[in-house]
Student: 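For reference, the structure I am asking about is given below.
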Number of protein chains: 2
Amino acid sequence: MSSFTTGELEVMKILWEHRELKPSQIQAKYSRRIKNAALRFQLKILLEKGHVARRRIGRAYYYKALTARQGAFKRMARRMARVYCQGSAAGLIAELIKTEKLTPDEIQQLRQLAEAKSSEKTLKKKGGKKT
Amino acid sequence: MSSFTTGELEVMKILWEHRELKPSQIQAKYSRRIKNAALRFQLKILLEKGHVARRRIGRAYYYKALTARQGAFKRMARRMARVYCQGSAAGLIAELIKTEKLTPDEIQQLRQLAEAKSSEKTLKKKGGKKT
DNA sequence: CGGCAACTGTAGTATTTTCTACATATCAGT
DNA sequence: ACTGATATGTAGAAAATACTACAGTTGCCG
């Protein structure tokens with residue numbers, strides 16, 4: 001319902017990464033060989049569901065994403081958290097840290113990111129309510 | 001191919017959380033109302049694909065997961081990283097930290113987890129080769 | 001203008017997923 | 001052995017997904 005199929009997601013990924021493309025350009029960036037008409041059929045479905053919009057330029061339709069990347073990202077994250085981590089986002093992140101291979105540099109950056117987030121939280125707590 | 005459909009994933013989730021169940025028990029834990037025969041059909045597909053096994057106890061079949069939770073978790077993580085973060089697991093974790101709501105406590109725990117992981121890395125570097 | 005190349009439009013099909021309905025089998029207790 | 005509750009077996013069908021083939025349209029360039 002609110003989650004993309006494999007094919008839909010592949011198209012959305014490409015449209016998120018490039019502002020506006022016509023079918024043949026999407027086709028060229030597709031992860032595997034796909035016939036032009038098959039791709040256009042997926043675009044048609046995405047259009048009907050309201051996930052993309054198109055406008056004609058010259059003789060071709062150019063497609064762009066309407067559904068935001070971030071919203072889809074959060075839905076997929078929630079889904080993954082629900083299935084694997086009792087719905088906990090923190091649990092999901094923890095399991096990813098435990099199971100994914102990360103270089104020392106990457107771990108360091110994640111630590112800094114968490115620290116930044118926690119001080120941001122502190123600031124909000126102090127300055128959030130009008131004094 | 002190697003990724004579960006929505007329905008399959010829901011069943012696997014339940015089987016991962018409980019060792020071995022018969023259809024009516026899975027049905028009771030299912031996230032929404034589902035008819036017994038519909039559920040059994042999903043089990044049949046999972047059985048054919050080799051994701052679950054069953055054995056008869058009394059007059060009922062009891063099902064258990066064959067495909068490991070962790071493998072499925074990693075596949076889904078990779079898929080998500082591929083679509084949203086150029087395939088980078090660290091990028092995925094970073095984006096989750098940035099966009100998900102986390103309590104100060106959770107952030108603190110994640111920091112500790114990252115620290116633990118980085119010292120574990122250090123230990124492996126020092127002690128990995130047989131002395 | 002004539003013709004090629006690039007795109008679109010549409011119809012039809014195969015496969016997968018999901019669900020429903022109903023018939024059959026088994027066990028427990030009386 | 002009869003009955004009710006619990007399970008299984010199977011046939012069929014609706015809907016979504018994914019693909020193929022081909023005809024029609026548009027714009028450009030010689």
Side-chain angles (χ1 to χ4, degrees), chain A residues 1-15 18-65 67 72 75-76 79 82-83, chain B residues 1-15 18-65 67 72 75-76 79 82-83:
Chain A
M1 309 310 160
S2 70
S3 83
F4 293 115
T5 66
T6 307
E8 288 171 348
L9 194 56
E10 176 67 28
V11 174
M12 293 305 290
K13 163 178 151 56
I14 294 168
L15 290 180
H18 306 84
R19 284 292 165 202
E20 202 169 20
L21 297 175
K22 58 183 171 175
S24 61
Q25 294 172 319
I26 300 174
Q27 190 185 355
K29 297 184 188 307
Y30 211 83
S31 59
R32 59 189 164 79
R33 271 193 319 104
I34 184 176
K35 295 243 167 129
N36 181 273
L39 170 65
R40 280 186 294 124
F41 189 84
Q42 285 181 333
L43 283 170
K44 186 183 170 187
I45 290 179
L46 287 170
L47 196 60
E48 283 167 0
K49 291 186 181 173
H51 293 305
V52 305
R54 69 180 191 181
R55 61 171 174 151
R56 194 150 203 163
I57 300 179
R59 62 189 140 178
Y61 285 113
Y62 284 73
Y63 292 79
K64 69 174 176 183
T67 297
R75 278 191 295 278
M76 189 159 175
R79 186 177 140 90
R82 191 184 70 79
V83 171
Chain B
M1 313 297 166
S2 70
S3 83
F4 293 115
T5 66
T6 307
E8 288 172 350
L9 192 56
E10 177 67 27
V11 173
M12 294 304 291
K13 162 177 152 55
I14 295 167
L15 290 179
H18 307 85
R19 284 294 165 202
E20 202 170 19
L21 297 176
K22 57 182 169 175
S24 59
Q25 294 171 318
I26 300 174
Q27 190 185 355
K29 297 183 189 308
Y30 212 81
S31 58
R32 59 187 165 79
R33 273 193 315 106
I34 186 176
K35 295 241 166 133
N36 182 273
L39 170 65
R40 279 185 294 124
F41 191 86
Q42 286 181 332
L43 283 169
K44 185 183 171 187
I45 290 179
L46 285 170
L47 195 61
E48 284 167 0
K49 291 187 181 172
H51 293 306
V52 305
R54 70 179 191 180
R55 61 172 174 149
R56 194 150 204 162
I57 301 178
R59 62 188 140 172
Y61 285 112
Y62 284 74
Y63 292 79
K64 68 175 176 184
T67 298
R75 278 191 296 278
M76 189 158 175
R79 185 176 140 93
R82 191 184 70 80
V83 171

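Quick note: numbers below take in every heavy atom, side chains included, and nothing from hydrogens, waters or symmetry partners. Below, chains carry the letters A, B, ... as their sequence lines are ordered, and counting in each starts from 1.
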Student: Rounded to whole angstrom units, what separation is found between the CG atom of A/L43 and the P atom of D/dT17?
Tutor: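 In whole Å, D/dT17 P and A/L43 CG are 15 Å from each other.
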Student: Look at all strands and tell whether A/A38 reaches a base, only sugar-phosphate, or nothing, counting heavy atoms closer than 4.0 Å.
Tutor: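 Contact class for A/A38: base.
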Student: Which residue, B/G58 or B/R32, contacts DNA chain C at a nucleotide closer to its 5' end, judged by nearest heavy atom?
Tutor: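 Mapping each residue to its closest nucleotide by heavy atoms, the 5'-most match is B/R32.
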Student: Is any side-chain heavy atom of A/M12 closer than 4.5 Å to one of B/V83?
Tutor: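 Answer no - side chains too far apart.
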Student: Is the closest side-chain heavy-atom distance between B/I34 and B/E10 below 4.5 Å?
Tutor: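 Not touching, per the 4.5 Å side-chain cut-off.
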Student: With a 4.0 Å cutoff (strictly under), does any side-chain N or O of B/T5 reach OP1 or OP2 of C/dT18?
Tutor: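 Result: yes.
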Student: What does A/I45 touch in the nucleic acid at a heavy-atom separation under 4.0 angstrom: a base, only the sugar-phosphate, or nothing?
Tutor: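 If one applies the 4.0 Å heavy-atom cut-off, A/I45 turns out to touch nothing in the nucleic acid.
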Student: Rounded to the nearest angstrom, tell me the gap between atom NZ in B/K44 and atom C1' in C/dT18.
Tutor: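 So the NZ-C1' distance, B/K44 to C/dT18, works out to 13 Å.
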Student: May I have the distance from B/R33 (atom CZ) to C/dC19 (atom P), rounded to whole angstrom?
Tutor: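 About 11 Å, once rounded to whole Å.
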Student: Between B/Q42 (CD) and C/dT17 (P), how many Å, whole number?
Tutor: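 Going from CD in B/Q42 over to P in C/dT17 covers 10 Å.
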Student: Check whether any side-chain nitrogen or oxygen of A/K49 sits under 4.0 Å from OP1 or OP2 of D/dT17, and answer yes or no.
Tutor: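 Indeed, a polar side-chain atom of A/K49 lies that close.
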Student: Using a 4.0 Å heavy-atom cut-off across all strands, classify A/R56 as base, sugar-phosphate, or nothing.
Tutor: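 Touches sugar-phosphate only.
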Student: Atom CD of B/E48 and atom P of D/dT10: how far apart are they, to the nearest Å?
Tutor: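 Result: 12 Å.
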Student: Should A/S24 be listed as having a side-chain N or O under 4.0 Å from OP1 or OP2 of C/dC7?
Tutor: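 For C/dC7, OP1 or OP2 has a side-chain N or O of A/S24 closer than 4.0 Å.
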Student: Can you measure A/E8 atom CD to D/dT17 atom C1' for me and round it to whole angstrom units?
Tutor: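 Those two atoms, CD and C1', are 9 Å apart.
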Student: Quick one: is B/K35 getting a side-chain N or O under 4.0 Å of the C/dC22 phosphate, OP1 or OP2?
Tutor: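 No.
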Student: Where each residue is assigned the nucleotide of DNA chain D containing its nearest heavy atom, which of A/T6 and A/R59 is assigned the position nearer the 5′ end?
Tutor: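 Of the two residues, A/T6 wins.
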Student: Base, sugar-phosphate or nothing for A/A37? Non-hydrogen atoms, less than 4.0 Å.
Tutor: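 The answer is base, as A/A37 lies within the cut-off (heavy atoms under 4.0 Å) of a base atom.
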Student: For the pair made of NZ in B/K22 and P in C/dC27, what is the distance, rounded to whole Å?
Tutor: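 Nearest whole value for this atom pair: 13 Å.
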Student: Nearest 0.5 angstrom please: B/K29 NZ to B/L15 CG, how far?
Tutor: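 The distance works out to 11.0 Å.
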Student: Among B/H51, B/Q42, B/K49, which residue meets the side chain to side chain donor-acceptor pair (under 3.5 Å) test with B/E8?
Tutor: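 That would be B/K49; it is the only one of B/H51, B/Q42, B/K49 passing the side chain to side chain donor-acceptor pair (under 3.5 Å) with B/E8.
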Student: Is there a side-chain contact between B/M76 and B/F4, using heavy atoms and a 4.5 Å cut-off?
Tutor: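 B/M76 does not reach B/F4 side chain to side chain.
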Student: Using a heavy-atom cut-off of under 4.0 Å over every strand shown, decide if A/R54 touches base, sugar-phosphate, or nothing.
Tutor: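 It contacts sugar-phosphate atoms only.
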Student: Measure from CZ on A/R40 to C1' on D/dA23 and round the result to the nearest Å.
Tutor: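 To the nearest whole Å, that distance equals 12 Å.
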